[in-house]
Amino acid sequence: MHLNNDKEIVKIEQSRARLSELLKQKYPERKPVCYLHSYGCQQNVSDGEKLKGMLSEAGYDFCDTAENADLIILNTCAVRENAEDKIYGIIGEYKHLKNNNPELIIGICGCMAQESKTAERIKSTYKQVELVFGTFAYKQLFDMLYEVISNRRLVINQSEDDGNIIEGLSAVRTSSFSASVSVMYGCNNFCSYCIVPYVRGRERSRTPDAVYDEVSGLIKSGYKEIMLLGQNVNSYSYGFPQLLRKLNSIDGDFIIRFMSSHPKDASHELIDAIVECEKVAKCLHLPVQCGCNRILKEMNRRYTVEDYLEIVSYARSRITDFSFSTDIIVGFPGETYDEFCQTKELIKNVGYDNIFSFVYSKRSGTKAALMQDNISEKQKGLWLRELLMEQRETSQKLLSRFVGKTVRVLIDSDVSGKEGYVCGKNSEGIIVELMGSSELIGSFAQVKVIKAMNWALLGEIVI
Ligand code: SAH
Ligand code: SF4
Ligand code: F3S
């Protein structure tokens with residue numbers, strides 16, 4: 001396996017050298033500039049950082065707006081229809097950039113670019129786009145760009161290769177203190193509403209040693225927060241609880257988070273590892289999707305509300321304040337108002353610190369797309385509002401449990417519109433604001449919570 005990796009790396013390096021040469025000829029006076037923007041989940045954002053790493057090695061610089069770029073790459077998400085509509089809107093707007101600068105290359109990649117219907121639509125309607133490549137093709141990035149620059153023709157790459165993970169490509173990371181690290185790629189679960197298994201392929205896990213080496217390197221270079229990523233880390237081939245314990249043994253002051261965790265195989269062993277590893281945040285993002293067993297079955301989630309509540313109560317038997325967050329889909333085909341109310345009931349029972357809720361979006365090619373759907377979008381929108389109101393009440397009550405306590409916060413930014421205030425997240429992932437200067441960004445602080453606001457906590461630094 002490692003031999004394969006080495007061979008592939010040599011091939012990629014040859015392609016990089018060829019592209020670098022071409023870029024030097026084309027831009028003899030300056031470096032070409034790329035605008036790369038990632039949409040969707042953290043996995044996609046992390047892929048975007050890797051693509052940037054490759055582009056930087058080929059000789060590109062980066063900019064924050066599309067206007068003056070030589071290369072625009074939109075790293076897209078396909079999870080809901082509105083995510084796709086947004087991308088088509090943006091590509092439409094870029095037409096005038098291409099008209100003003102015919103040398104400009106516009107490309108799209110990521111999940112939406114893996115769907116064949118996207119390639120068709122780009123070919124027929126969006127002639128300004130010259131590069132479309134899916135989630136498997138990043139290894140061929142240099143060759144694809146070489147082809148577009150030298151032949152000026154539309155390059156489409158939606159191949160699904162063996163999915164071999166290439167180790168050793170470096171990323172250009174956005175943050176200097178918080179880093180995402182993929183532990184696995186793809187998904188085998190085929191929840192009936194979800195496009196991800198179709199655009200990301202089957203599950204592939206990185207070895208524990210590869211993950212360990214990357215995380216140790218990040219900690220040595222000063223990173224304070226490690227977010228481990230996978231569509232379902234519980235099916236990590238080499239055992240996720242064991243991986244957490246291995247990473248917890250790395251020396252240094254840092255916090256480990258991870259997402260996502262599928263409830264069907266969230267085990268007591270996982271909870272034990274979270275509880276026992278001092279560097280792992282005491283919280284779990286456990287997407288429940290809905291609170292009704294009939295709908296869960298239709299969604300092909302393979303757990304019941306009772307199974308789910310068992311994990312919650314086990315975690316809380318070990319740590320009273322164990323924090324949960326979740327994802328909810330409102331208005332799955334055939335869902336009735338009574339069934340929706342069971343979801344409201346569940347979120348009240350669990351007491352989530354955070355929920356991410358979405359109106360169901362039909363994805364063609366999935367099982368649910370063939371199901372009868374009688375509820376109007378307007379109705380679904382009203383249900384979503386109802387759910388959010390329920391959650392607001394619950395979370396406000398929950399936040400007050402921190403008042404008077406001292407919590408550890410990794411400060412990550414200034415508070416916009418509040419001069420002299422910075423904020424960050426505590427172990428449970430809750431935002432804490434405090435008075436302090438920007439110099440604190442990127443470091444941990446002990447903060448005494450003095451007040452629970454609507455959606456965040458207010459505190460002061462304890463020396
Ligand atoms: N693998 C992760 C989820 C990735 S997608 C997991 O299973 O936890 C993130 C969230 O988007 C899902 O949890 C789900 O709530 C939502 N989602 C996925 N497909 C959707 C669809 N077709 N319509 C609306 N929301 C969807
Ligand atoms: Fe989609 Fe289900 Fe896989 Fe999550 S586990 S990515 S919701 S199919
Ligand atoms: Fe993520 Fe969207 Fe793809 S949620 S995996 S970027 S479809």
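Counting begins at 1 with the first residue of the sequence. Both ligands and their constituent atoms are indexed starting at 1 by order of listing. In what follows, every heavy atom counts, from backbone to side chain, and hydrogens, waters and symmetry copies are set aside.
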So, 2.8 Å as the limit: is an N/O/S atom of His262 located closer than that to atom 2 (Fe) of ligand 2? no
Atom 8 (O) of ligand 1: of Pro287, Ala368, Ser261, the nearest heavy atom sits on Pro287
Under a 4.0 Å threshold between the charged nitrogen and the carboxylate oxygen, would Arg206 count as salt-bridged to Glu167? yes
Can you tell me which portion of Gln231 lies within the under-4.0 Å heavy-atom range of ligand 3? Options are side chain, backbone, both, or neither. side chain
Provide the number and element of each atom of ligand 2 under 4.0 Å from a heavy atom of Cys194. 1 (Fe), 6 (S), 7 (S), 8 (S)
Among all protein non-hydrogen atoms, which one is nearest to atom 13 (O) of ligand 1, and what is the separation to 0.1 Å? Asp327 OD2, 2.6 Å
Taking the inter-plane angle between the rings of His37 and Tyr35 on a 0 to 90° scale, is it parallel (under 30°), tilted (30 to 60°) or perpendicular (over 60°)? parallel
Heavy-atom side-chain proximity of Gln158 to Ile156 below 4.5 angstrom: yes
For Gln289, is the nearest heavy atom under 4.0 Å from an atom of ligand 1? yes
Of all the atoms in ligand 3, which lie at a distance below 4.0 Å from a heavy atom belonging to Asn44? 6 (S)
For His285 and Phe324, run ring-ring contact (aromatic ring centres under 6.0 Å, His included): C-alpha distance rounded to whole Å, both residues' side-chain angles, the deciding distance at 0.1 Å, then the answer. CA-CA 6 Å; His285 182 63; Phe324 283 93; over 10 Å; no
If you take the centroid of each ring, where Trp contributes its six-membered ring, are Tyr198 and Phe190 closer together than 6.0 Å? yes
Under the 6.0 Å and 45° cation-pi test, does Lys246 pair with Tyr212? yes
Quick one: sort the His268 and Tyr314 rings into parallel, tilted or perpendicular, breaks at 30° and 60°. parallel
Does the cation-pi check pass for Arg121 over Tyr88, that is, NZ or CZ under 6.0 Å from the six-membered ring centre and within 45° of its axis? yes
For Phe190, the atoms of ligand 2 under 4.0 Å from one of its heavy atoms are 8 (S)
Part of Arg80 within contact of ligand 1 (heavy atoms, under 4.0 Å): side chain
Ligand 1 contact by Gln43, heavy-atom criterion under 4.0 angstrom: no
Please confirm whether Arg301 comes under 4.0 Å of ligand 2, counting heavy atoms of the residue only. yes
With heavy atoms and a 4.0 Å threshold, my read on which part of Phe358 contacts ligand 1 is side chain
Side chain, backbone, both or neither: which part of Gln43 comes within less than 4.0 Å of ligand 3 when only heavy atoms are counted? neither
Go through ligand 2 atom by atom and flag the ones less than 4.0 Å from a non-hydrogen atom of Gln231. 6 (S)
Using side-chain heavy atoms (C-beta onward) and a distance below 4.5 Å, is Met299 in contact with Ile295? yes
Does only the side chain of Ile329 get under 4.0 Å from ligand 1, or the backbone, or both, or neither? Count heavy atoms. side chain
What part of Ile195, side chain from CB on, backbone N/CA/C/O, both or neither, has a heavy atom under 4.0 Å from ligand 1? neither
Student check: side-chain heavy atoms of Phe340 and Val330 closer than 4.5 Å: yes
Give me the residue, atom name and distance of the protein heavy atom closest to atom 5 (S) of ligand 2. Asn189 ND2, 3.4 Å
Report yes or no: is the cationic atom of Arg200 (NZ for Lys, CZ for Arg) under 6.0 Å from the centre of the six-membered ring of Tyr185, at an angle within 45° of the ring normal? no
Below 4.0 Å from ligand 1: does a non-hydrogen atom of Val196 turn up there or not? no
Classify the contact between Tyr193 and ligand 2 as side chain, backbone, both or neither, using a heavy-atom distance cut-off of under 4.0 Å. side chain
Test: Arg318 and Glu276 ion pair at under 4.0 Å: yes
I'd like to check which ligand 2 atoms, numbered from 1 as shown, lie under 4.0 Å from a non-hydrogen atom of Pro197. 8 (S)
Is Pro287 touching ligand 2 with its side chain, its backbone, both, or neither, if touching means heavy atoms under 4.0 Å apart? neither
Below 4.0 Å from ligand 1: does a non-hydrogen atom of Thr366 turn up there or not? no
Can Arg16 and Glu57 be counted as an ion pair, charged N to O under 4.0 angstrom? no
Residue part near ligand 1, for Ser260, under 4.0 Å between non-hydrogen atoms: side chain
For the residue pair Lys52 and Phe62, would you count it as a cation-pi contact if the rule is NZ or CZ under 6.0 angstrom from the ring centre and within 45 degrees of the ring axis? yes
Heavy-atom check, side chain of Tyr238 versus side chain of Ser205, under 4.5 Å: yes
Provide the number and element of each atom of ligand 2 under 4.0 Å from a heavy atom of Cys187. 3 (Fe), 5 (S), 6 (S), 8 (S)
Side chain, backbone, both or neither: which part of Cys191 has a heavy atom under 4.0 Å from ligand 2? both
